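The model shown is predicted, which means the values in this text are computed figures rather than measured ones. Note: hydrogens, waters and symmetry copies are ignored here, and every other heavy atom, side chains too, is used.
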Amino acid sequence: MRISDPDAHSTRLRRLYEAVLTGGPPPDGEGFRSLISASWRRSLAAGVDPCAVSAPPAFSPGDVRDIRSAHPMGGLLPLITGTLLHMADETAHVLIVTDAEGRVLWRGGSSRVMGRADEVGLADGFHWGERMVGTNGIGTALATGRPVHVCSAEHLLGVLHPWSCSSAPITDPDSGDVLGCIDISGVMSALHPATVALVETTARLAESHLQLRMRERDDRFRARHEGRLRALRGAPGALVTATGRIVAGDLAMGRGGRIALPEPGNLEPGTLGPGNPGAGTPESVTPDAGNRGAGNRGAGSLGAGNLGAGGEVLLPDGRAGVLEPLEGGFLLRLPGRSRTSRLILPFLGAEHPWARLDGVRVPLSPRHAEILALLALNPRGLTADRLSLLLYGDAGNPVTARAEIHRLRAQLGPAVAAKPYRLTCAVEADFLTLKRLLAAEDTAGVAEIYRGPLLPASESPAIRGEREELDGQVHACLLRRGTPDDLWAYAGTEPGRNDVHVLERLVAALPADDPRAVTARIRLAACDP
């Protein structure tokens, strides 16, 4: 949203505001942005009074400090304030940090502007959720789950028309829940709409910090309990975090999957131990049940010792599993199941492909790797005619495909079945995991698993098409949502090494003296004609 004349824009919004509230026709046939119109509908349906003069209090003043220190957003305050507070102070803005409900945990910035902010409740302990004060940057960002800029009379409350705000939510990469919101607010003429990009960047930086801490916890969790997996003696099982993420094991879902844990009400009571990532979330400190924050189930309710004697869980593929409590998470096992073969296909960036069947490394010819990739992509199986078409195109011969399958079965035995040709074992393929991560827009997971194109030497029409589609999706996903760490990981692959768009993004996002930025500038210089 580019505004060349803020005063004229504010005047136009006020005329539109008056027309909408009085039921009259909008001036010049104009209307609010769809984002704002949808927010107004939600706000009015919740009974918000446009004539209200302040946000309502959510916490008593004496409780705010304790609630803030116990909330996950409290741990992010040094990063957030170190990034934004000086700018807010110098430019006569206020910086706001809230929980997932929109309740203000912390405020800082220009003392002069904070005095005006006090008049409307833009202060510690007040509630800025959309259902409380209607359309505003904090509440609307939390309601939509995306960064927003709300300007002047786009606010539902008339008392907020001198204000504009840019806000972005922060999502916990562990639980997938929203933790809270960052907001910069100021008078309409002082706050540029582009401020929302700065706030969004800070939110993504905070999420990257949380993701790093999550990976460190995962590493400790795996190291502490990998012996429990070995004790299963080949039976399928997995290590599951307190938020339902699979971080180790040999289930077909593979690492990076997620299961739905039983609801807290179905578990035996327990206490939050020191190994529980959820200790100290708002649910454990908020004074009353009515003030509980949203988005804390995954992190705060299923920690060490909270499952009692264990419980059943339904996996995404319909299988039933049993959870056994561990410190920091659970052991997931499939009772009463005999051991099945497990085939691992690491085909991303594989110049010399191989597979691993039940722990044994199996060298593969390029053609056999193509067949295994196609069978993994088509789990219901393929006829000889269909396999020949996918491998060779219209010039293919089913007899040749049958001969290749015969040789492949000599290597892998009953893991490859006939009529139709299909894989009979549990398959873990990095390219299948990549497809799931892309569908979930998990940029960190995409950057971690992508090591290069699928079977880069393959000339099979079907493999070539799949490879080009995956490469294009990876590139678009990381450019659209990737952090500098994600983009740098991609720049280490063959497709990303000299990708001008990725290198330019790295140069823009990283400090000039960061070694990654220096390397990116060198590569960019080499890319110039």
Side-chain angles (χ1 to χ4, degrees), residues 73 75-91 93 95 97 146-147 149 166-174 179 181-184 192-216 218-219 349 434 437-438 441-452 471-529:
M73 292 292 287
L76 296 172
L77 269 178
L79 184 151
I80 296 170
T81 58
T83 305
L84 294 176
L85 183 56
H86 179 73
M87 183 279 291
D89 191 20
E90 290 293 318
T91 55
H93 299 146
L95 172 62
V97 177
R146 62 174 181 169
H149 179 78
S166 293
S167 310
I170 293 178
T171 300
D172 181 6
D174 187 4
L179 292 179
C181 185
I182 307 172
D183 170 83
I184 289 181
H192 195 280
T195 307
V196 71
L198 177 61
V199 175
E200 179 183 11
T201 300
T202 304
R204 301 295 83 80
L205 179 63
E207 290 172 351
S208 296
H209 177 73
L210 291 172
Q211 190 165 67
L212 177 61
R213 286 163 48 185
M214 178 189 74
R215 290 177 177 175
E216 291 171 347
D218 289 351
D219 289 342
L434 177 62
L437 293 170
L438 285 167
E441 293 192 328
D442 182 350
T443 55
V446 168
E448 180 181 3
I449 199 171
Y450 184 77
R451 293 181 294 275
D471 287 353
Q473 290 178 347
V474 168
H475 183 264
C477 175
L478 294 180
L479 274 183
R480 183 172 64 252
R481 298 191 59 183
T483 66
D485 287 343
D486 299 336
L487 293 171
W488 178 248
Y490 180 68
T493 67
E494 189 59 32
R497 178 175 180 80
N498 295 310
D499 188 300
V500 172
H501 298 294
V502 170
L503 296 175
E504 288 176 342
R505 185 71 61 82
L506 283 168
V507 170
L510 293 169
D513 58 351
D514 189 300
R516 297 170 295 179
V518 174
T519 302
R521 285 196 296 272
I522 293 172
R523 291 186 189 176
L524 277 174
C527 291
D528 289 338

*Exam field: side chain Thr202 to backbone Leu198, donor-acceptor pair closer than 3.5 Å*: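 Present.
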*Gly496 backbone acceptor or donor facing Asp499 side chain under 3.5 Å*: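 No.
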If you measure from [atom1] on [X] to [atom2] on [Y], what distance do you get to the nearest 0.5 Å?
| X | Y | atom1 | atom2 | answer |
| --- | --- | --- | --- | --- |
| Asp174 | Arg215 | CG | CZ | 12.0 Å |
| Cys181 | Met73 | SG | CE | 7.5 Å |
| Leu85 | Leu77 | CG | CG | 10.0 Å |
| Arg521 | Leu524 | CZ | CG | 9.5 Å |
| Gln211 | Glu448 | CD | CD | 8.5 Å |
| His93 | Asp89 | NE2 | CG | 11.0 Å |

How close do [X] and [Y] get, heavy atom to heavy atom, and via which atoms?
| X | Y | value |
| --- | --- | --- |
| Val502 | Ala491 | CG1-CB, 4.4 Å |
| Ala168 | Ala203 | CB-CB, 4.0 Å |
| Cys527 | Val500 | CB-CG2, 4.2 Å |
| Ser166 | Val196 | OG-N, 3.4 Å |
| Arg213 | Leu76 | NH1-CD2, 4.4 Å |
| Val518 | Ala512 | CG2-O, 3.8 Å |

_Pair listing, side-chain hydrogen bond (donor to acceptor under 3.5 Å, both in side chains) test, anchored in residues 500-517, at least two apart_ =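 Checked against side-chain hydrogen bond (donor to acceptor under 3.5 Å, both in side chains) - neighbours excluded - the pairs reaching residues 500-517 are Asp485-Arg516, Asp514-Arg516.
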_Candidate pair Thr483 and Leu487, rule side-chain contact (heavy atoms from CB on, under 4.5 Å), full reasoning_ = CA-CA 6 Å; Thr483 66; Leu487 293 171; over 6 Å; no
Could you check if a side-chain atom of [X] sits within less than 4.5 angstrom of a side-chain atom of [Y], using non-hydrogen atoms only?
| X | Y | result |
| --- | --- | --- |
| Glu200 | Arg146 | no |
| Tyr450 | Asp471 | yes |
| Val446 | Asp486 | no |
| His209 | Leu205 | no |
| Ile170 | Ile182 | yes |
| Thr519 | Trp488 | yes |
| Ile184 | Leu84 | yes |
| Gln473 | Leu434 | no |

*Is a salt bridge present between Glu441 and Arg480, judged by a nitrogen-to-oxygen distance below 4.0 Å?*
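Yes.
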*Before accepting this row, confirm whether a basic side-chain N of the pair Arg204/Glu207 lies closer than 4.0 Å to the acidic partner's carboxylate O.*
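Yes, charged N to carboxylate O under 4.0 Å.
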